[in-house]
Amino acid sequence: MTKLIEAHALRLDRGGRTVLSDIDFAIAAGEIVTLVGPNGSGKSSLVRALIGALEPAGGTVRRAAGLRIGYVPQSMAAGSAMPLTVRRFLSLPEPRTDAEAEAALAAAGAEGLGPASLGALSGGQLQRVLLARALAGAPDLLILDEPTASLDQPGAAALYQTIERVRRDAGCAVLMVSHDLHVVMAASDRVICLNGHICCEGAPHVVADAPAYRALFGSGTGGALALYQHDHDHSHDHDHDHGHGHGRDGERCEAVAGPRGA
Ligand SMILES: Nc1ncnc2c1ncn2[C@@H]1O[C@H](COP(=O)(O)OP(=O)(O)OP(=O)(O)O)[C@@H](O)[C@H]1O
């Protein structure tokens, strides 16, 4: 399969401290990959390195020639206060024609929002507009940093369905950072769990009869625990342990993706 982006022995430093090391992974065309991990485990840092906004302290990030990345940032707190219409926002920084803007809004499920003021949008509308802006560049790889963070469960489910439709229609690969159990369990081809390094990775499996899973849905707390099978090629006797639930070779892993702000 065509590799769109690859990291080899990647190390990232923030504030003079190594926050990620030994990162080796690749994303293939059309895949949906989700990054999970506790707060501060390096998910956003990795995403920033992949889009070229953070220089590696070691190792390499290699992008396929001509790769187009659409990026939906984690937070638009400052941006949403900008006195801009959605239509103008879609043309920043790259100018877009009205037809391109309308097509992108439609693909993101945000039809008719072009004339709206950016600051007047709901959280869900803003996420869709951010998605539209990323889609307007016809990306090969769509990267979303916690796209459902500010949404309630129905809003998150609807956005997830939109993302899956986008992948189907546009054929792009998707890399998501998520604390959302629904997204991790249902949407991903592959889950990568970060904890200062790649703790574990593998295909997600719905564990509908697991007590923890039912307890989670029953309590409605949403997104505290993700269960998935994975492969390990390392032990966990080093110093990157941030209280993360590690698995053992070939066993089911309990990956604690803590709720936002935890
Ligand atoms: N601009 C910065 N300057 C210094 N340290 C930073 C900076 N940004 C992040 N860090 C540190 O890097 C580490 C990884 O942060 P990062 O935001 O990548 O984690 P995350 O997994 O995305 O967290 P969260 O789930 O809370 O969004 C943290 O220890 C954080 O404090």
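Fair warning: this is a prediction, and the values are worked out from it, not measured in the lab. Ligands are counted one by one from 1 in listed order, and the atoms in each one are counted from 1 as well.
Under 4.0 angstrom from ligand 1, the non-hydrogen atoms of V19 all belong to its side chain.
Near K43, with a cut-off below 4.0 Å to any heavy atom, the atoms of ligand 1 are 18 (O), 19 (O), 20 (P), 21 (O), 22 (O), 23 (O), 24 (P), 25 (O). In the vicinity of R17, heavy-atom distances shorter than 4.0 Å reach the ligand 1 atoms 28 (C), 29 (O). Against a heavy-atom cut-off of under 4.0 Å, S41 is close to the following atoms of ligand 1: 19 (O), 20 (P), 21 (O). Close approach of ligand 1 to G15 is summarised as follows: ligand atoms under 4.0 Å from at least one heavy atom of the residue are 4 (C). Distances below 4.0 Å separate heavy atoms of S44 from the following atoms of ligand 1: 17 (O), 18 (O), 20 (P), 22 (O).
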For this session: Could you check R190 against T34 for side-chain hydrogen bond (donor to acceptor under 3.5 Å, both in side chains), going step by step and ending with a plain yes or no?
Result: CA-CA 6 Å; R190 193 152 55 95; T34 300; over 6 Å; no

Exercise. When you look at D189 and R167, which way does the salt bridge (Lys or Arg N to Asp or Glu O under 4.0 Å) test go after all the steps?
Worked result: CA-CA 12 Å; D189 298 320; R167 189 229 340 213; 2.9 Å; yes

Exercise. Could you go step by step and tell me if D145 and S44 meet the side-chain hydrogen bond (donor to acceptor under 3.5 Å, both in side chains) rule?
Worked result: CA-CA 7 Å; D145 196 344; S44 294; 2.8 Å; yes

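At least one heavy atom of E146 sits closer than 4.0 Å to an atom of ligand 1.
Among G16, A49, S178, S45, the residue whose heavy atom lies nearest to atom 15 (O) of ligand 1 is S45.
No donor-acceptor distance shorter than 3.5 angstrom exists from the side chain of R96 to the backbone of A104, with no hydrogens or angles considered.
With values rounded to the nearest 0.5 angstrom, E102 atom CD is found 10.5 Å from L90 atom CG. Atom CD1 in I69 sits 9.0 Å away from atom CG in L4 (nearest 0.5 Å).
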